[in-house]
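Quick notes on the structure that follows.
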Amino acid sequence: MDGHLRLRLAAFYFTNFAAMGLLVPYFNIYARSLGFSDTGIGILLALVPLAKATLPGLWGGTADALGARRLLLILSAWGAALAFAGFLVAESFVACLVVMAVYAALAVPALPFVETTTLEAVAATGADYGRIRVAGSMGFAVTALLFGGLGGAERSEQVVPVMLALLVCQAVAASLVPCDAASRPGRPGATRRLLSSRPVLLLLAAGFLMQASHGAYMGFFSLVLGEAGYGGQAIGGLWAASVAAEVVMMLCVGRLLARLGTRRLLALSVALAAVRWAAYAASSAPAVLAGGQLLHAFTYAGFHVAAVQTIYRLCPPGTRATGQAFYSGWTFGAGMMVGTVSSGVLKDAYGSGPMFAAAGLMAVAALGLILLGAGKVAGAGPGRREPDPGAAAGPPPGPPPAVP
């Protein structure tokens, strides 16, 4: 892969996840400074996964139908930055709700569109996806740790301007991302055929369950640690361990995929997620927690890389933006939303042990779907280059559009 292209893609991943590294840990603190209740903050933050769950088909389908992925990517990134600027003046709950809803709706497609472009470049050049995508993990970690280290938790008024600056940087990076020639109008009915594919539907369901199982962890792990008597330094260290494990996996996942293939890595990652959540349900001992955090390398990074590459191979040209958008929506949107809400209900009613036990059962169910054929690509296996089923379909009638 051309070095300039690699740098542009990495810059987008870094800035995209850097913004998330501020939004996820600190925006709730800003919302609390405005006097919003816990319920109000929950409703406000739920708009992002809600948009991811409901809008991916519209954005992805439009991009594939028009062959206008790059244009929509730029509109999405700059529109999201402009919408978020509304928080500079919004103070009432209703005003913040409107701003967040518009921001979430516009921000949804940027990452799936760039994932599609990256995977096209990887398929064409044989580059290592993980070594590009690792920039996102680093961006999240740098922002979350740096802002917190500079006293961000006590300086909530800085959240919105810093977040806005990161979103502008993301928009600049998005404007520099090229669009591969594979981004061309899809054939009529291609999306319908894609969503009637059994391997695709099973993979989307498995991704939903896998991310839902992470709802207990993403939403309540810090609270569980605090209830178990761990201090802030220990909690931060355990989160840092998971990020470090994720980065290492991103750097090594190419070799792992070459040995296992995508479906075996999917199955292994889901099985280790079941082990991880079961361990958290049974014990809060330091060794158990540290070991579980290291498994984040597989339960998040390994599963994600294998899943997006499998979705790409299952989607013929003209449906790949749609496929990535649906994957993002069903996992990080619907899956996370359902998992977080259900985990909160379980924790309130029964405690953290049953909450993590339920997460483990979700992971077991996801493993069952993989064994039933989720993401199965004919002729693929360890040590073999998994075929790109879209390649056999050939280009649609007429010449492809020029690359912007």
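Just so you know, these numbers use all the heavy atoms, side chains as well, and skip hydrogens, waters and symmetry mates.
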>> Tell me which one of Leu260, Leu203, Val305 satisfies side-chain contact (heavy atoms from CB on, under 4.5 Å) with Leu266.
In response: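 The residue from Leu260, Leu203, Val305 that satisfies side-chain contact (heavy atoms from CB on, under 4.5 Å) with Leu266 turns out to be Leu203.
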>> Quick check on side-chain contact (heavy atoms from CB on, under 4.5 Å): which of Val122, Leu257, Val134 does Tyr129 satisfy it with?
In response: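 With Tyr129 as partner, Val122, Leu257, Val134 yield a single side-chain contact (heavy atoms from CB on, under 4.5 Å), made by Val122.
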How close do [X] and [Y] get, counting heavy atoms only, and between which atoms?
{"X": "Ala121", "Y": "Leu5", "answer": "CB-CD2, 3.9 Å"}
{"X": "Ile74", "Y": "Ala174", "answer": "CG1-O, 4.2 Å"}
{"X": "Ala127", "Y": "Arg6", "answer": "CB-NH2, 4.1 Å"}
{"X": "Ala271", "Y": "Leu367", "answer": "CB-CD2, 4.3 Å"}
{"X": "Leu251", "Y": "Asp128", "answer": "O-OD2, 4.3 Å"}
{"X": "Phe303", "Y": "Ile370", "answer": "CE1-CD1, 4.4 Å"}

> Step by step, would you call Met249 with Leu256 a side-chain contact (heavy atoms from CB on, under 4.5 Å)?
Replying inline: CA-CA 9 Å; Met249 173 59 81; Leu256 194 59; 3.9 Å; yes
> Is it true that the side chains of His304 and Glu246 contain a donor and an acceptor less than 3.5 Å apart?
Replying inline: no
>> Checking side-chain polar atoms at under 3.5 Å, does Thr262 have a donor or acceptor matched by the opposite partner on Gln309?
In response: no
Between [atom1] of [X] and [atom2] of [Y], what distance do you get to the nearest 0.5 Å?
{"X": "Leu265", "Y": "Arg263", "atom1": "CG", "atom2": "CZ", "result": "12.0 Å"}
{"X": "Leu82", "Y": "Leu106", "atom1": "CG", "atom2": "CG", "result": "8.5 Å"}
{"X": "Ser242", "Y": "Leu289", "atom1": "OG", "atom2": "CG", "result": "12.0 Å"}
{"X": "Ser352", "Y": "Leu346", "atom1": "OG", "atom2": "CG", "result": "11.0 Å"}
{"X": "Leu119", "Y": "Leu9", "atom1": "CG", "atom2": "CG", "result": "10.0 Å"}
{"X": "Leu204", "Y": "Phe326", "atom1": "CG", "atom2": "CZ", "result": "8.0 Å"}

> Does the pair Tyr350 and Val345 meet the rule for a side-chain contact (heavy atoms from CB on, under 4.5 Å), with working shown?
Replying inline: CA-CA 8 Å; Tyr350 304 106; Val345 172; over 6 Å; no
>> Could you tell me if Arg133 sits above the aromatic ring of Phe17, with its cationic atom closer than 6.0 Å to the ring centre and no more than 45 degrees from the axis?
In response: yes
With a 4.5 Å limit on heavy-atom distance, are the side chains of [X] and [Y] in contact?
{"X": "Val108", "Y": "Leu58", "result": "no"}
{"X": "Trp277", "Y": "His214", "result": "yes"}
{"X": "Lys52", "Y": "Thr331", "result": "no"}
{"X": "Phe27", "Y": "Leu44", "result": "yes"}
{"X": "Phe356", "Y": "Phe221", "result": "yes"}
{"X": "Met20", "Y": "Gln170", "result": "no"}
{"X": "Cys96", "Y": "Leu34", "result": "yes"}
{"X": "Tyr280", "Y": "Val224", "result": "no"}

Are the side chain of [X] and the backbone of [Y] linked by a donor-acceptor contact shorter than 3.5 Å?
{"X": "Ser342", "Y": "Gly339", "answer": "yes"}
{"X": "Gln324", "Y": "Val308", "answer": "yes"}
{"X": "Arg131", "Y": "Cys252", "answer": "no"}
{"X": "Ser213", "Y": "Met210", "answer": "yes"}
{"X": "Thr15", "Y": "Phe12", "answer": "yes"}
{"X": "Ser269", "Y": "Thr299", "answer": "no"}

> Would you say Trp78 has more than 12 foreign heavy atoms packed within less than 6.0 Å of its CH2?
Replying inline: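 Enclosed: over 12 neighbouring heavy atoms sit under 6.0 Å from CH2 of Trp78.
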>> Checking side chain to side chain donor-acceptor pair (under 3.5 Å) between Arg69 and each of Thr116, Thr117, Thr62, which is the one that passes?
In response: Thr117
> Could you go step by step and tell me if Leu23 and Met163 meet the side-chain contact (heavy atoms from CB on, under 4.5 Å) rule?
Replying inline: CA-CA 7 Å; Leu23 181 68; Met163 176 78 178; 3.8 Å; yes
>> Could you go through Glu120 and Tyr312, starting from their C-alpha distance and side-chain angles, then the distance that decides it, and tell me whether this counts as side-chain contact (heavy atoms from CB on, under 4.5 Å)?
In response: CA-CA 8 Å; Glu120 287 172 349; Tyr312 175 83; 3.6 Å; yes
> For His296, which residues count as a ring-ring contact (aromatic ring centres under 6.0 Å, His included) partner, sequence neighbours excluded?
Replying inline: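 For His296 the ring-ring contact (aromatic ring centres under 6.0 Å, His included) partners, ignoring immediate neighbours, are Tyr217, Tyr300.
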> Considering residues at least two apart in sequence or located in another chain, which fulfil the ring-ring contact (aromatic ring centres under 6.0 Å, His included) criterion with Phe84?
Replying inline: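 Per chain and number, Phe84 pairs via ring-ring contact (aromatic ring centres under 6.0 Å, His included) with Phe87, Tyr103.
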